[in-house]
There are 2 protein chains.
Amino acid sequence: MTASATQTAPRKRAGNGAAPHDVADEIGLDALVGHAGYAVRRFQIWIFQDFIKTLGAVDIRPTQYSVLTLIGANPGLSQMAVAKRLGIERARLVHLLDSLEQRNYVKRVKSKVDRRSHALHLTTQGETALAKFKRLAAEHERHVEEKIGKENRAQLLRILAGFT
Amino acid sequence: MTASATQTAPRKRAGNGAAPHDVADEIGLDALVGHAGYAVRRFQIWIFQDFIKTLGAVDIRPTQYSVLTLIGANPGLSQMAVAKRLGIERARLVHLLDSLEQRNYVKRVKSKVDRRSHALHLTTQGETALAKFKRLAAEHERHVEEKIGKENRAQLLRILAGFT
DNA sequence: GACAATTGTTGTCGTCAACAACAATCTTTC
DNA sequence: GAAAGATTGTTGTTGACGACAACAATTGTC
């Protein structure tokens, strides 16, 4: 609507700019504000970047962390079960486990009840490593609290609990 | 902590499973629940899939929609300004605009004040198309409300307003 | 035992973020 | 005003990731 105002874009507000703002900061988003997906996407990028940075010293990415945590809490799971639970393609999990097995965090044990599947376990090294990862992940979670507030983080988790 | 309880994982509760549950539904996530990033990631995947499906008939993806909306609200922006505002790599925006220009939604006009940059505008076709996209996007937004609740969606937008 | 379904694997395709390099152009500095 | 540096758009590469399709081995079903 109002397709006439083509050239008169509200680029800057009146020239009382005291702070040295970046030009891009003042561009209106119009209909984009009010879209949940856009806000969630931007937030998700921020949160993942902080996670990757906080766990950068141990070189663990969010997906790897979720796999290790799940196996640590439920030893013996099959790859299919892990993939389903985390919403990962089982094809993709293969590569993830290849990497984690190479780093000696996880081992694939041939299941005896179903010789098609592998029972997934953490190695001893994997368990001690995961303990360290969890400490770093808790630190990351504190960053989130600092960013959006403790209350808001709790509400967020409550609202999105159905997706975990 | 408690690194001893390795094999005794709480896999299934007592075998009173009446409903035909999927096996993967009952796997505990342990520390993963309580991680904001995990919940946000899962939600973001869901919301994008619904967006892509709802706008499937017009073949518009979330990023394309955000670019069109931003240009529609701020005609004449440079590619750099759009990229910064949306948090997109300017290298990536090049391909996005190539596609949108091919479909005759956007045109790159050589700027006369800065001959390096392009002023981005919607074509007439692009404006009418965007109006349709916005209607479909509103429908998608209703899906979000149905999924998490009207109140929760509003709270989500409030909490994440800083990231838009 | 024949046939369908499942599991892990390999491969391809397309999206996306992150870099790096480059030519053209603008801005700053001397 | 010329040289040096920064910016803009572009091209290319890399790697993570989701989605699909095919396959062998194995299991389940009829």
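In this text, all values refer to a predicted model and were calculated from it rather than measured experimentally.
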From OG1 (A:Thr69) to CD (A:Gln64), nearest 0.5 Å: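 Spacing of OG1 (A:Thr69) from CD (A:Gln64) equals 11.5 Å.
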Among A:His121, A:Glu127, A:Gln125, side chain to side chain contact (heavy atoms under 4.5 Å, CB included) partner for A:Thr123: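 Looking at A:His121, A:Glu127, A:Gln125, the match for A:Thr123 under the side chain to side chain contact (heavy atoms under 4.5 Å, CB included) is A:Gln125.
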Euclidean distance, atom [atom1] of residue [X] to atom [atom2] of [N] [Å, nearest integer]:
| X | N | atom1 | atom2 | answer |
| --- | --- | --- | --- | --- |
| B:His95 | D:dG12 | NE2 | C1' | 8 Å |
| A:Leu86 | D:dA16 | CG | P | 18 Å |
| A:Asp98 | D:dA16 | CG | P | 13 Å |
| A:Ile52 | D:dC17 | CD1 | C1' | 12 Å |
| B:Trp46 | D:dG18 | CH2 | C1' | 18 Å |
| B:Phe48 | D:dC17 | CZ | P | 16 Å |
| B:Ile45 | D:dC17 | CD1 | C1' | 9 Å |
| B:Phe51 | D:dG18 | CZ | P | 20 Å |

Qualifying residues under ring pair (Phe, Tyr, Trp, His ring centres under 6.0 Å), relative to B:Phe48, sequence neighbours excluded: none
If you look at every strand shown and take non-hydrogen atoms under 4.0 Å, does [X] touch a base, only sugar-phosphate, or nothing?
| X | answer |
| --- | --- |
| B:Gln79 | sugar-phosphate |
| B:Ile88 | nothing |
| A:Arg90 | base |

Boundaries of the chain B footprint along DNA chain C (any atom under 4.0 Å from a heavy atom): C:dT15 to C:dC26
Parallel, tilted or perpendicular: ring planes of A:Tyr65 versus B:His35, cut at 30 and 60 degrees: tilted
A:Trp46 and A:Phe43 aromatic ring geometry - parallel, tilted or perpendicular at 30°/60° bounds: parallel
Minimum side-chain heavy-atom gap [X]-[Y] below 4.5 Å:
| X | Y | result |
| --- | --- | --- |
| A:Ile71 | A:Leu77 | no |
| A:Gln155 | B:Arg158 | yes |
| A:Val82 | A:Ile88 | no |

Short side-chain N/O contact to D:dC17 OP1/OP2 from A:Arg61, under 4.0 Å: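 Answer is yes, contact under 4.0 Å.
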Contact nearer the 5' end of DNA chain C, comparing A:Ser78 with B:Lys112: A:Ser78
Donor-acceptor pair between A:Arg41 and A:Gln44 side chains, under 3.5 angstrom: yes
5' precedence on DNA chain D between B:Asp114 and B:Arg92 (nearest-nucleotide basis):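 Taking each residue's closest nucleotide, the earlier one in sequence belongs to B:Asp114.
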Close residues, residues 101-109 of chain A, relative to DNA chain D [heavy-atom separation under 4.0 Å]: none
